[in-house]
Amino acid sequence: MSMDKSFDARAAEARISAEWERANAFAAGANASRTETFTVMIPPPNVTGSLHIGHAFNNTLQDILVRWHRMRGFDTLWQPGQDHAGIATQMVVERRMADAGEPDRRQIGRDSFVQKIWDWKRESGDTIINQLKRLGASCDWSRNAFTMSGAPGAPAGEEGNFHDAVIRVFVDLYNKGIIYRGKRLVNWDPHFETAISDLEVENREVPGHMWHFRYPLADGETYEYVERDAEGRVTLRETRDYIAIATTRPETMLGDGAVAVHPSDERYAPIVGKLCEIPVGPKEHRRLIPIIADDYPDPDFGSGAVKITGAHDFNDYGVAMRNGIPLYALMDGRGAMRADGLSHADSAEIATRAARGEDVGDVSNVNLVPEDLRGLDRYDARRRVIEAITAEGLAVTLLHKEIDPETGAEHLERRPLIEDKPIMQPFGDRSGVVIEPMLTDQWFVDTARIVGPALEAVRDGRTRILPEQHRKVYFNWLENIEPWTISRQLWWGHQIPVWYGLDLGVADFADDGDGALDEVEMFGLLVDGLVHAGERQRCAADFEAVRKLFRDDIAGLPQPLEVSRVVEVADRDAAIDLLARSLADYGLSQDPTHLLYPVWRDPDVLDTWFSSGLWPIGTLGWPDKTPEMERYFPTDVLVTGFDIIFFWVARMMMMQLEVAGDVPFHTVYVHGLVRDEKGAKMSKSKGNVIDPLSLIDEYGADALRMTLTGMAAMGRDPKLGPKHVEGARNFVTKIWNASRFAQMNGVRGGVARPDSQHTVNRWIIGEVARIRIATDEALASYRFNDAANGLYAFVWGKVCDWYVEFAKPLFDGEDAGETRATMGWVLDQCYLMLHPIMPFVTEELWALTGERATMLVHGDWPTCGAELIDEAADRQMNWVIALIEAVRSARAQMGVPAGARLDLIVTEADAAARAALAANAPLIERLARVNPPADGVAGKGMIAVAAPGASFALPIGDLIDVAAETTRLQKALARSGKDADGLRKRLANPKFVENAEAEVIEETREKLAALEDDLARLHAALAQLAAL
RNA sequence: GGGCGGUUAGCUCAGCGGUAGAGCACUACGUUGACAUCGUAGUGGCCACUGGUUCGAUCCCAGUACCGCCCA
């Protein structure tokens, strides 16, 4: 069968993929011939995802490692799977429902909504899997995992264990006290109405404003305000009845709990401890807040005084906590001003008492938003607040001078001081809306308690992070780790396995001491107690388990409550309602079996990264003791981008060490971010996104993979343009055509390495050994670019440019048989070594060029070593190559027509040169386009060519231009002369001879000798030219 | 403000103690038994700057300038 002129990637890729799949070629352990395992966990793409260039890069590198190990006989597992991606997926499905005009998720309810997501996943969830297959990713697809598998409501086909693992870990960490619930200030996304973690917040600098307002002192008090310069001289002294503050967020003034100044700030020392008035809100309920001293305010920034809104700013929160300032929440989940809770009048009254130092208890019901602002969006509220303060004359103003252009009259006006200034603003990385710090009940992982082993493991090298610079990033983050907010107010995710029940054991409603509730006591509980009852929380893997825990709890309650049946209801309201009805029922029936104790489950789900943090063990069947867990854990290499070192790598380290007692992987290879050809980050808004699939369509998957691999220098961001991919595609064509040439000349692959005798064959066999060693070294040290570029240069620059050309004349001679066998073997080694990088074209060539026992995917990685390098053959071929290049260069420079065949006159040659010439004459004749070499002398109309140990003359007759030839030789002379001078100078330096390594000195001497030989020949040629 | 990178041919980047390489682009020539998705020969670099260490520095160290990224 004859081969086409180029590789039809599109047709072949689909066919070859199908063959791999049919043969189960990627199954864990396929092609294993030794006991060592090699395991890679894919960074699970989002189930909503589609392949972007970063995935293509990431998975190409993983695939190279995996295919390389599989070919070397390791028991190899590349574990694929997908992440359920809480927010992203919920967003996609909600949008689809909206687009289809369907009722929204709140209308259809949680269970139906989750079902809809599962339906969606069945329809379109494997998009990215199919795209990864197109890239050639050799994952064990039969093991494809999903971070929500096994969750309640999961359909058939999704019965994996992942949910069990997640819940198991939550319960475990809960019981150890590492997971806890608390009311804290968290990052709140007003679009998705959920808490998010610090990492999901993107701080960006945006244009903003700084407003300056006066907070009048209470009761008309005044003080001497004194400003001094650096030398302590007074620059300003005035009597003030206010304190000026600057803010970028005026709407939060409504919830201020204090004004803070630095303790060392003498300007405000007289008024620390006094009260001032917030200059906004209904006049009759103006609120007073204390002026406090705290280290947080920077005396040199703004006025040096800072308003403290503990419930809406992280810095203020810290100040408030330190100083016992109440936290007044102003906004609801959508970022609108609160409309719930007490009236403003009542709220202001409570807050004022608090400001005077009274203990006012829980203030969550206090709503300090004036009635006219309630329900307004936060930005509308901001405008209104600014207008009101300005109208009242309490904005700090500046005198503004304007000169009338016509009359020249000066016009003075006081205008509010509003500074335009860039501010850092937090945005939700998914929603893109401004994040609001919000005081809410959330679940946290006390990461400080589990971070130690994760730090230790990297410090002592049990897990290596490459390139090393990322170790510092890892340490820096983990050493300053904050608690991790893991609860999300979403529906798609692992629901937190905590249930709540009313605490009926509080003293107020306990019985009178006889261990049983009489009717009066029961009535008290029914009427008043339930509403005020606190909650107890219990954590267990499922309802059955948690029911037992609650039964133990209520066993201690007075009769007859202690026999109540534990039942699950939707929420607290439902629980109160049901408990009341059950008590009422009991009141009538006196039948204790009618008594119910309702409990409700925490509605929140876990942060997606909590489950993906368990990816290494969850995919291997943990918490069951599976053979896979036994065999493949800890895994070997994690290949990932630096952007998820914190999100994912650090958390996997912490979690695996905590629950499985070992590191999740031995090596983390961190690659760069693929940028566009100008080095810009790819983004939809910039429109510079490169779609890997269209590149695959146009150039083939191998070309894309080769390009990305060639650019994968450690620690650098690859910059990708279509030109690069085109170059790699050309390389595919190149090796294809070299194979085609071989086939046309009767070369077959699948042969054992022949014991070749001809220098050319011995030379190329040695070159194969060299590149094999270099490729293994490069891959072993994750220098993917070196592996790719080395193979590229070898195949193109050695095999195609020289070996194939040398073989052409050999095919006509007595060495034809040996040369065919050698070429077959050489090309096989190329296919084998290129296969991890370019799996498709190599698999295709493998099949087309010989009888094969297995597909190339299961080929045996070459092991040929340095013993195959024949130094003599090497020297000789390098001499031949040098001569050919010298002749070509001379010809081209002298303008000899490419087709013209010249005589090659040997004017001088040493024994080695003569031997090389004799052994390779046909090659030289052909490639240099010269007639068989013959001894002679240089003469008129000849140009000179030198090679180590030999000089030649090429008669070009009338073509010669003496001046041009002189110039050419002088140019060469100058070049070599300069090099030789440098070397001579170095050798003349006694310090060099004393200090440099012997090897280096020897090398330098050899180099100089060669150059001097060169120079002598050039001089001779020039002399001759001049003589004629 | 803290941390981490980068600065090498026109462009994109390798190299990281012995005086510089690749691909692309460019110029000239060229269809010779596979390949024009090609071949041959060229052009092109004070390796950002200033000091230091060294026999020797693009490479190591310190500083400067500019450009990125991450965290506040």
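Each chain gets a letter, A, B and so on, in the order the sequences are listed, and its residues count up from 1.
Contacts of A/Glu885 with the nucleic acid, taken as non-hydrogen atoms under 4.0 Å apart, involve only primed sugar atoms and P, OP1 or OP2. Within the nucleic acid shown, A/Ala738 comes within 4.0 Å of at least one base atom, counting heavy atoms only. Using a 4.0 Å heavy-atom criterion, one finds that A/Asn989 contacts the sugar-phosphate atoms exclusively. Using a 4.0 Å heavy-atom cutoff across all strands shown, A/Lys723 reaches sugar-phosphate atoms only and no base atom. As judged by a 4.0 angstrom heavy-atom cut-off over every strand, A/Glu482 is placed among residues making no nucleic acid contact. Within 4.0 Å (heavy atoms only), A/Val473 reaches no atom of the nucleic acid at all. Among the atoms of the strands shown, none is found under 4.0 Å from any heavy atom of A/Pro722. Base contact: A/Asp812 has a heavy atom under 4.0 Å from a base atom.
Going from the P atom of B/rC69 to that of B/rA22 covers 32 Å, rounded to whole Å. As rounded to the nearest Å, B/rC66 and B/rU50 have C1' atoms that lie 15 Å from one another. When the P atom is compared between B/rC24 and B/rU37, the two are found 13 Å apart, to the nearest whole Å. As rounded to the nearest Å, B/rC46 and B/rU58 have P atoms that lie 13 Å from one another. Separating the C1' atom of B/rA25 from that of B/rU12 is a span of 11 Å, rounded to the nearest Å. When the P atom is used for both B/rG15 and B/rA48, the distance is 15 Å, rounded to whole Å. Nucleotides B/rA57 and B/rG42 are separated by 31 Å at their C1' atoms, to the nearest Å. Look at the P atom in both B/rC38 and B/rG23: the space between them is 12 Å, to the nearest Å.
Among the nucleotides B/rC71, B/rA14, B/rG42, the one closest to the side chain of A/Phe646 is B/rC71. Looking at the side chain of A/Lys971, the nearest of the listed nucleotides B/rC35, B/rA34, B/rU43 is B/rU43. If you check B/rA41, B/rC69, B/rG30 against the side chain of A/Ala898, the one that comes closest is B/rG30. Minimum atom distance to the side chain of A/Arg675 is reached by B/rG68, of the listed B/rU37, B/rA41, B/rG68. If you check B/rU37, B/rU32, B/rU40 against the side chain of A/Asp801, the one that comes closest is B/rU40. The nucleotide whose nearest atom lies closest to any side-chain atom of A/Asn730 is, among B/rG18, B/rA14, B/rC38, B/rC38. Here the nucleotide nearest the side chain of A/Ala996, chosen from B/rA34, B/rG18, B/rG23, is B/rG18. Looking at the side chain of A/His724, the nearest of the listed nucleotides B/rU12, B/rA34, B/rU37 is B/rU12. Nearest to the side-chain atoms of A/Gln469 among the listed nucleotides B/rG5, B/rG18, B/rU40 stands B/rG5. Distance from the side chain of A/Asn203 is smallest to B/rA72 among B/rA72, B/rC55, B/rU37.
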Where do A/Glu818 and A/His758 land on the side-chain hydrogen bond (donor to acceptor under 3.5 Å, both in side chains) test, with the steps shown first? CA-CA 8 Å; A/Glu818 168 188 302; A/His758 195 282; 5.5 Å; no
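At a cut-off of 3.5 angstrom, counting only N and O atoms as typed in the model, there is a donor on one side and an acceptor on the other between the side-chain of A/Glu805 and the base of B/rA34. Contact of A/Lys5 with B/rA36 (side chain to base): no donor-acceptor pair of N or O atoms is detected under 3.5 Å. In this model, a side-chain donor or acceptor of A/Arg729 finds a partner on the base of B/rU37 within 3.5 Å. Contact of A/Lys734 with B/rC35 (side chain to base): a donor-acceptor pair of N or O atoms is detected under 3.5 Å.
Rounded to a whole Å, the OH atom of A/Tyr803 is 15 Å from the C1' atom of B/rA34. Nucleotide B/rC35 holds its C1' atom 13 Å from the CG atom of A/Leu845, rounded to whole Å. Rounded to a whole Å, the CG atom of A/Leu983 is 14 Å from the P atom of B/rG18. Rounded to an integer number of Å, the gap from A/Arg888 CZ to B/rA41 P is 5 Å. Taking atom CG of residue A/Asn737 and atom C1' of nucleotide B/rG39, one finds them 13 Å apart after rounding to whole Å. For A/Glu726 and B/rU12, the CD to C1' distance is 15 Å, given to the nearest whole Å. With rounding to whole Å, A/Glu479 atom CD is found 17 Å from B/rC71 atom P. Computed from coordinates, the A/Met714 CE to B/rG5 C1' distance equals 15 Å when rounded to whole Å.
Salt-bridge check for A/Glu1012 with A/Arg984: passed, with a basic side-chain N closer than 4.0 Å to an acidic carboxylate O. By the 4.0 Å N-to-carboxylate-O rule, A/Glu885 lies too far from A/Arg891 to be salt-bridged with it. Residues A/Glu479 and A/Lys472 are not paired through a salt bridge, judged by the lack of any N-O separation under 4.0 Å between the basic side chain and the carboxylate.
The nucleotide B/rC46 finds no pairing partner, because no Watson-Crick or G-U wobble arrangement with both distances shorter than 3.5 Å includes it. Pairing for B/rC60 is with B/rG52, a Watson-Crick or G-U wobble pair whose two hydrogen-bonding atom distances lie under 3.5 Å. If you check B/rU31 for Watson-Crick or wobble pairing at under 3.5 angstrom, you find it has no partner at all. Judged by Watson-Crick or G-U wobble contacts below 3.5 Å, the nucleotide B/rU12 has B/rA22 as its partner. Base pairing analysis places B/rU7 opposite B/rA65; the two distances defining the Watson-Crick or G-U wobble pair are each below 3.5 Å.
Where A/Val1000 and A/Gly727 each meet RNA chain B at their nearest nucleotide, the meeting point lying more 5' is that of A/Val1000. Along RNA chain B, the nucleotide closest to A/Arg986 and the one closest to A/Lys808 are compared, and the more 5′ of them pairs with A/Arg986.
No side-chain donor from either of A/Arg249 and A/Thr247 sits under 3.5 Å from a side-chain acceptor of the other.
A cation-pi arrangement is present between A/Arg204 and A/Phe427, with the terminal nitrogen or guanidinium carbon under 6.0 Å from the aromatic centre and inside a 45° cone about the axis. For the pair A/Arg651 and A/Phe646, the cation-pi criterion (under 6.0 Å, within 45° of the ring axis) is not fulfilled.
Distances shorter than 4.0 Å separate some side-chain N or O of A/Ser889 from OP1 or OP2 on B/rG42. Contact between the side-chain N/O atoms of A/Trp796 and the OP1/OP2 oxygens of B/rG39 is found at a separation under 4.0 Å.
Relative orientation of the A/Tyr831 and A/Trp846 rings is perpendicular, given thresholds of 30° and 60° on the angle between their planes.
The side-chain contact (heavy atoms from CB on, under 4.5 Å) test with A/Ile696 is passed by exactly one of A/Val725, A/Leu704, A/Asp702: A/Leu704.
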